[in-house]
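Below is one structure, written out as structure tokens; comments come after it.
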Amino acid sequence: MLELTRSPCYLPILEAGKRYQEQSLVHETPVDAGAEAERRESLIPRFRVTRQERNRLILVGLAAVVLVWLLANSWDALGPFI
């Protein structure tokens, strides 16, 4: 691998890569990246859930898990009714 990077045909590619990395580090600071992120609109909307809604979602999810568990354990007994 070292022989490939030292060959004359790969040197311009390596130098160009180093220059690109240096330019990207110089021109993009965390402050600029944050300001740009604020200007762009997010593709995924932000979910705002109140404490009451979150508790309701947890209870509904727990009820769904219990229902699936009950159906899985009693499938043979429910056979004649389905």
Side-chain angles (χ1 to χ4, degrees):
M1 184 69 185
L2 290 175
E3 294 174 10
L4 291 176
T5 57
R6 292 183 186 193
S7 72
C9 63
Y10 284 102
L11 286 177
I13 296 171
L14 293 175
E15 291 173 5
K18 288 179 185 176
R19 279 192 305 242
Y20 176 75
Q21 287 177 347
E22 291 170 357
Q23 288 175 353
S24 64
L25 289 174
V26 169
H27 293 295
E28 186 176 330
T29 61
V31 175
D32 294 339
E36 184 178 335
E38 288 178 2
R39 281 185 263 139
R40 288 186 294 167
E41 186 175 331
S42 176
L43 294 177
I44 301 172
R46 198 154 184 91
F47 291 109
R48 299 189 188 275
V49 180
T50 63
R51 179 176 288 174
Q52 183 181 8
E53 291 172 336
R54 184 180 64 234
N55 291 340
R56 186 177 297 138
L57 286 171
I58 291 170
L59 288 175
V60 168
L62 186 61
V65 168
V66 168
L67 182 65
V68 168
W69 178 77
L70 281 173
L71 286 173
N73 285 330
S74 62
W75 189 253
D76 292 333
L78 291 174
F81 302 105
I82 295 179

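Here the structure is a predicted model, which is why all the values come from computation and not from measurement.
V66 belongs to a hydrophobic cluster whose remaining members, ordered by chain and number, are W69, L70; membership requires side-chain heavy atoms of ILVMFWY residues under 4.5 Å apart, directly or through intermediates. Other members of a hydrophobic cluster containing L43 are absent, since no ILVMFWY side chain comes under 4.5 Å of it, directly or through relayed contacts.
Side-chain atoms of T50 come within 3.5 Å of backbone N or O of E53 as a donor-acceptor pair.
We find the CG-CG distance between L71 and L67 to be 4.5 Å, quoted to the nearest 0.5 Å.
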